[in-house]
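The structure appears below as structure tokens.
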Amino acid sequence: MNFADLGLSDELLRAIDESGYNEPTAIQAGAIPSVLMMRDMIGIAQTGTGKTASFVLPMIDILAHGRARALMPRSLILEPTRELAAQVAENFEKYGKYHKLSMALLIGGVQMGDQVKALEKGVDVLIATPGRLMDLFERGKILLTGCNLLVIDEADRMLDMGFIPDIENICTKLPANRQTLLFSATMPPPIKKLADKFLSNPKTIEVARPASRNENIEQFLVKTSERGKRDTLRDLIEAEEVGTAIIFCNRKTTVRELAKSLQRYGYKAGEIQGDMDQSSRTAELDRFKAGTINILVASDVAARGLDVKGVSHVFNFDAPWHPDDYVHRIGRTGRAGAKGRAFTLVTPSDDEAVDNIQKLTGYKIPVHGGGKADAAPAKDEEGEPRREKSGRGGRTKRGDTEKPAAKPAKKTGDRKPTPTKPRQHDDDDPDDGWNGPMPDFLSVGFGS
Ligand code: ADP
Ligand code: MG
């Protein structure tokens, strides 16, 4: 299958060619012709399979004719996070370079004034997170009556993040005869319901997961103890000769502390988490992409869907609480045909989390190197008082290293005790943790 067989324009084929894609991925080959025929469509394919281009490419050709009017975007793409919205915008710039289309990015954390100005000029493509879009809509700053094409991207993440009511609300503001495309890695019942309600006679294109896991990613569990985690991690980084790695933690605090600790040990490490403002997140990501740093410590939400080429390793410093997050985390490596390795540090209190992951993926993750836990002594790093585990009641094989210290570690600072039932991300609102205005609102005409 070739891009030229899909019915795309010559200008677009040229831009695709220059971007270095040789052939369409399965979801692209399936989706593009239907989208060009203006059909509603449901696209289901796992992370990293190229879903973005499967709507961006045909949209560029669909929007090539016609003019944008003030306050009335011609098309709308909904994304769960600011980072994903920005990535879609980059795709439009890259493939739309031979077209004259305008776009605006409407994401939480940027000043409203600039966004409104862009909208007033009129845009062909509006890329938005649901919260910010509803906000502007309710202030009467935006009309959705001219929006004839709607994309609901990463629908399962939208569900996780509680955006479904916003999306339903938005759907009712758009013309009823619009074209609607929905993309998701999985189809949980609430997404199915949403599709039934707001898509009409959709064509469903589902790309089967190869045995529900990406064969390019080698996965391992690494047994350790709560206190031995940092040592175990550094040992792994050394042993693995890590090129570029993303390290996931369950909490923002852990992200901050681990990044600092790695820096103290001389690693080129950076961080991305929900308490950082948008410009710092972008800057950090750029440093990572440029290779200034080669280790990025991240929280789930901040790193959701991030597409960075050539990530050789993913480390789960904490086993994720939600099994779904595991799939998304390790999907940051092994992308576009490359090989990747994913390590999950596990303590005895993670048994249940690991069980859930293995149930979801149907894959029993092998234990790395056997008795690694015993090889990692619980060194007392930086002379900090040792933190006790609280409330998890996990038992370890090596009672001696895990014995609670005689006096409670009264450490000042922002450490929070481990919640007994951690079921929530502490930064799972994409528009949360915003600390100030960001000047770099993106409104660009692309194509020259
Ligand atoms: P998804 O949304 O399905 O998770 P993305 O759209 O983010 O996946 O694409 C994942 C990666 O694959 C990106 O780096 C993208 O540039 C790359 N990619 C997409 N389509 C192709 C293609 N046809 N050929 C080569 N690489 C591609
Ligand atoms: Mg995507």
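Order of listing sets the numbers, starting from 1, for every ligand and every atom in it. The chain is numbered in sequence order, starting from 1.
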**Prompt:** Between Asp10 and Arg14, does at least one N-O distance fall below 4.0 Å, as a salt bridge requires?
**Reply:** no

**Request:** Measure up the His368 and Phe220 rings against each other and bin them: parallel (under 30°), tilted (30 to 60°), perpendicular (over 60°).
**Result:** perpendicular

**Request:** Could you tell me whether Lys229 and Asp318 have a side-chain N and a carboxylate O separated by less than 4.0 Å?
**Result:** yes

**Request:** Check all N, O or S atoms of Glu154 and name the one closest to the Mg ion (ligand 2).
**Result:** OE2

**Request:** Could you list the atoms of ligand 1 found under 4.0 angstrom from a heavy atom of Thr25?
**Result:** 20 (N), 21 (C), 22 (C), 23 (N)

**Prompt:** Is the closest basic N to carboxylate O distance between Arg157 and Asp160 below 4.0 Å?
**Reply:** yes

**Prompt:** What do you reckon, does Asn22 have a nitrogen or oxygen under 3.5 Å from a nitrogen or oxygen of ligand 1?
**Reply:** no

**Asked** Which atoms of ligand 1 have any heavy atom of Glu154 under 4.0 Å away?
**Response** 2 (O)

**Asked** Between Glu120 and Lys117, does at least one N-O distance fall below 4.0 Å, as a salt bridge requires?
**Response** no

**Message:** Taking Lys252 first and then Asp300, would you say they form a salt bridge - that is, a charged N and a carboxylate O separated by under 4.0 Å?
**Reply:** no

**Prompt:** Which of the numbered atoms in ligand 1 are below 4.0 angstrom from a heavy atom of Thr49?
**Reply:** 1 (P), 3 (O), 8 (O)

**Message:** As an exercise, identify every atom of ligand 1 less than 4.0 angstrom from a heavy atom of Thr47.
**Reply:** 4 (O)

**Prompt:** Taking the non-hydrogen atoms of Phe3, is any one of them nearer than 4.0 angstrom to ligand 1?
**Reply:** yes

**Request:** Consider every N or O of Glu23 and every N or O of ligand 1, then say whether any pair is closer than 3.5 Å.
**Result:** yes

**Message:** Between Lys141 and Asp135 (salt bridge meaning N to carboxylate O under 4.0 Å), is one present in this structure?
**Reply:** no

**Asked** Taking N or O atoms only and a 3.5 Å limit, does Tyr21 qualify as a polar contact for ligand 1?
**Response** yes

**Asked** For ligand 1, is there an N or O atom under 3.5 Å from any N or O atom of Pro24?
**Response** no

**Asked** So is Gln46 in contact with ligand 1, going by heavy-atom distances below 4.0 Å?
**Response** yes

**Message:** Between Glu271 and Arg256 (salt bridge meaning N to carboxylate O under 4.0 Å), is one present in this structure?
**Reply:** no

**Request:** Please could you name the atoms of ligand 1 that Thr52 approaches to less than 4.0 Å, counting only its heavy atoms?
**Result:** 2 (O), 5 (P), 6 (O), 7 (O)

